Amino acid sequence: EMKFASTRNPGRGVDLSLAVMQGLAPDGGLFMPQEFPLLTERDLASLRKSSFAECAERVLSPFLVDSFSKDEISSLCADAFCFDCPVIELEDSLYALELFHGPTLAFKDFGARFMARIMARMVAETAARATVLVATSGDTGGAVADGFYQVPGIDVIVLYPKGRVSERQEAQFTTLGENVHAFAIDGSFDDCQRLVKESFLDSHFRAEWGLTSANSINIARLLPQSTYYFWAWSRLPGNSQPPIFSVPSGNFGNLTAGLFAQRMGLPVRRFIASTNVNDVVPEFLLGGKFSPRPSLQTISNAMDVGNPSNFERMLALFNGDETLLRSALLGKSFPDEKTENAIGELYQKYRYVADPHSAVAYLGIRDCFAPELSPKIFLCTAHPSKFPEVTEKVLRQRIDIPRSLQTRLEGPKVVSDCSSDLKTFRQRVEGVLERKG
């Protein structure tokens, strides 16, 4: 039976439903699978002939089989992953994995849509009230708001750093209304994340409103992100060497999901943790201590994280052995100027239009010494139209806005401003939820 345990108490397992609905383990740790299923060479070979939904079903089934029937898992994957996930070859052995074709134009759609569907089932079965509390540095808010919009029995509270997300990102979670409530916090993303964690550690507040999380601290957000690593591998030529993945990294959920995939048998030569100047993890990987610090604001704002919560999971995957973790990853960090140059270079060399986060991932690939034979894949995590103030300035041309985003930009914004003080925040949240009844 598949069990999930806290990073701080790996011996005590709980079932999927409890891990998902609690979000954060009671001891403050993060839930992880107690063991990882291993896909055989035959399983991997079968992915080459599958659709994305079938690939996801194969990867996720072992984690879901105790809670859902085979048919339910199949329809859940087909429903959640109903959009493209193209692997674009830019030149021989260099690929862009595009993860922004979902409804909110960001890779977060994979995790948020999957999580909303399994959580809706769990809430319906217990008839309990659930409140999803989520901090966003940009894209998570939109994806979670969209995934849970109008889901019966679930309210969504989105916290974001006031003035520190792009206008288009903000529009995606502040114009929905109904069961989605946006709070502009006077502070940084790290303040927002701290409010989420402190709220969870308040047992009365947590129990009263049925708090759960939709950040990548929630295991249901992370598991589906493993699927596109398998998918990318399955689209490579059949005789390829194990690929190198460059992952644009902030809170490190995306990279942790890649490590999960590797643990499940995916052939990977190396992961590159590509960051902006918020380089806490690259600094650690170069032999320094892991020392969180306040985040700095950059043009790749979704990665402006100074204390990445998933570092705890990454370390737990290697049983706390820092040397082993360092051997699995390469860390690279880049200032805004290089990111802007990379957007220009991708367009000049390949006619490829990239957003700032995808450009950071490209830099990680470009600047790493890699065996020629290894395919190099960089993850493109957001549609360039979400960051016009950067991409249009660099490329000196307008980027068309997809219809799904245009609709959001036209709606009126509903936002509550709030300080980063826990007591004030609690009172404001309770006021909103009590009015909802």
Side-chain angles (χ1 to χ4, degrees), residues 6-8 22-31 106 108 111-112 115 131-145 156-165 169-170 173 181-202 205-206 209 211-222 225 248-257 275-281 290-298 300-315 357 416-426 428-429:
S6 166
T7 43
R8 300 179 190 180
Q22 285 193 337
L24 194 67
D27 60 9
L30 306 180
F31 283 112
K108 304 286 172 87
M115 181 184 177
T131 304
V132 174
L133 190 57
V134 63
T136 186
S137 56
D139 288 327
T140 297
V144 169
V156 180
I157 308 281
V158 181
L159 286 64
Y160 68 104
K162 187 176 181 178
R164 295 201 195 188
V165 305
Q169 287 174 319
E170 188 182 30
F173 53 80
H181 318 280
F183 284 79
I185 302 298
D186 189 13
S188 68
F189 170 72
D190 295 301
D191 290 314
C192 298
Q193 188 156 265
R194 173 181 53 77
L195 283 175
V196 170
K197 286 193 165 181
E198 286 176 351
S199 300
F200 273 97
L201 295 172
D202 181 332
F205 184 54
R206 184 172 171 171
W209 302 107
L211 285 197
T212 187
S213 162
N215 277 85
S216 56
I217 56 177
N218 195 308
I219 193 66
R221 255 282 308 282
L222 212 55
Q225 290 180 224
S249 300
N251 213 16
F252 279 81
N254 213 354
L255 206 149
T256 303
T275 74
N276 55 33
V277 292
N278 294 287
D279 60 350
V280 172
V281 173
F290 177 68
S291 50
R293 52 180 170 268
S295 57
L296 300 167
Q297 200 165 353
T298 75
S300 49
N301 65 279
M303 308 189 316
D304 293 350
V305 182
N307 186 8
S309 59
N310 279 293
F311 184 76
E312 186 167 331
R313 272 198 184 107
M314 287 158 62
L315 206 48
H357 306 79
S416 304
D417 286 337
C418 187
S419 78
S420 61
D421 167 66
L422 179 66
K423 191 176 174 196
T424 311
F425 171 68
R426 266 194 56 168
R428 300 292 299 280
V429 168

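Keep in mind that the numbers below use all heavy atoms, side chains included, and drop hydrogens, waters and symmetry copies. All of these numbers come straight from a predicted model, not from anything done at the bench.
In this structure a side-chain-to-backbone donor-acceptor pair under 3.5 Å is missing from R313 to A257. Of the possible polar contacts, one joining the R428 side chain to the D417 backbone as a donor-acceptor pair under 3.5 Å is found. N218 contributes a side-chain N or O that, together with a main-chain N or O of A220, makes up a donor-acceptor pair within less than 3.5 Å. Looking at S137, its side chain does come within 3.5 Å of a backbone N or O of A302 through a donor-acceptor pair. Listed for the T7 side chain is a donor-acceptor partner under 3.5 Å among the backbone atoms of L30.
With contacts defined as side-chain heavy-atom distances shorter than 4.5 Å, the pair S295/N278 qualifies. Proximity of Q169 to N301: side-chain heavy atoms (C-beta onward) are separated by under 4.5 Å at one or more points. Counting heavy atoms from C-beta on, the side chains of E170 and V165 come closer than 4.5 Å. Side-chain contact between R426 and L195 is absent, with no heavy atoms from C-beta onward closer than 4.5 Å. With contacts defined as side-chain heavy-atom distances shorter than 4.5 Å, the pair R194/S420 qualifies. Side-chain contact check for F252 versus V305: every heavy-atom pair is 4.5 Å or farther apart. By the 4.5 Å heavy-atom criterion applied to side chains, D304 and N276 are counted as neighbours. Here the side chains of F189 and R164 are not in contact, with every heavy-atom distance at 4.5 Å or above.
Under the side chain to side chain contact (heavy atoms under 4.5 Å, CB included) rule, L133 has a single partner from V144, T212, L159, which is L159.
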Please test R221 against T140 for side-chain contact (heavy atoms from CB on, under 4.5 Å), starting from the C-alpha separation and ending with a verdict. CA-CA 10 Å; R221 255 282 308 282; T140 297; 3.4 Å; yes
Give the intermediate values and the outcome of side-chain contact (heavy atoms from CB on, under 4.5 Å) for residues E198 and F425. CA-CA 11 Å; E198 286 176 351; F425 171 68; over 6 Å; no
Chi angles and distances behind the side-chain contact (heavy atoms from CB on, under 4.5 Å) call for R293, V280: CA-CA 8 Å; R293 52 180 170 268; V280 172; 4.1 Å; yes
Derivation and outcome, side-chain contact (heavy atoms from CB on, under 4.5 Å), residues S199 and L211: CA-CA 8 Å; S199 300; L211 285 197; 3.9 Å; yes
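Atom OG in S6 sits 7.0 Å away from atom CD in E312 (nearest 0.5 Å). Put simply, CD1 on I219 and CG on L24 are 12.0 Å apart, with the number rounded to the nearest 0.5 Å. For the atom pair CD1 of I157 and OG of S213, the computed distance is 13.0 Å after rounding to the nearest 0.5 Å. Distance check, rounded to the nearest 0.5 Å: CG of D279 to OG of S249 gives 12.5 Å. Note that NZ of K162 is 10.5 Å distant from SG of C418, once rounded to the nearest 0.5 Å. To the nearest 0.5 angstrom, D421 atom CG is 11.0 Å from D191 atom CG.
Taking the six-membered ring where the residue is Trp, F173 and Y160 present perpendicular rings, their angle passing 60° and hence far from 30°.
The neighbour count for K197 NZ, taken as heavy atoms of other residues, nucleotides or ligands under 6.0 Å away, is above 12.
Taking each heavy atom of V281 and P308 in turn, the nearest pair found is CG2-CG, 3.9 Å. Nearest approach of P26 to L201, heavy atoms of both residues: O-CD2, 4.4 Å. A pairwise comparison of heavy atoms in A143 and K108 identifies CB-CB, 3.4 Å as the closest pair.
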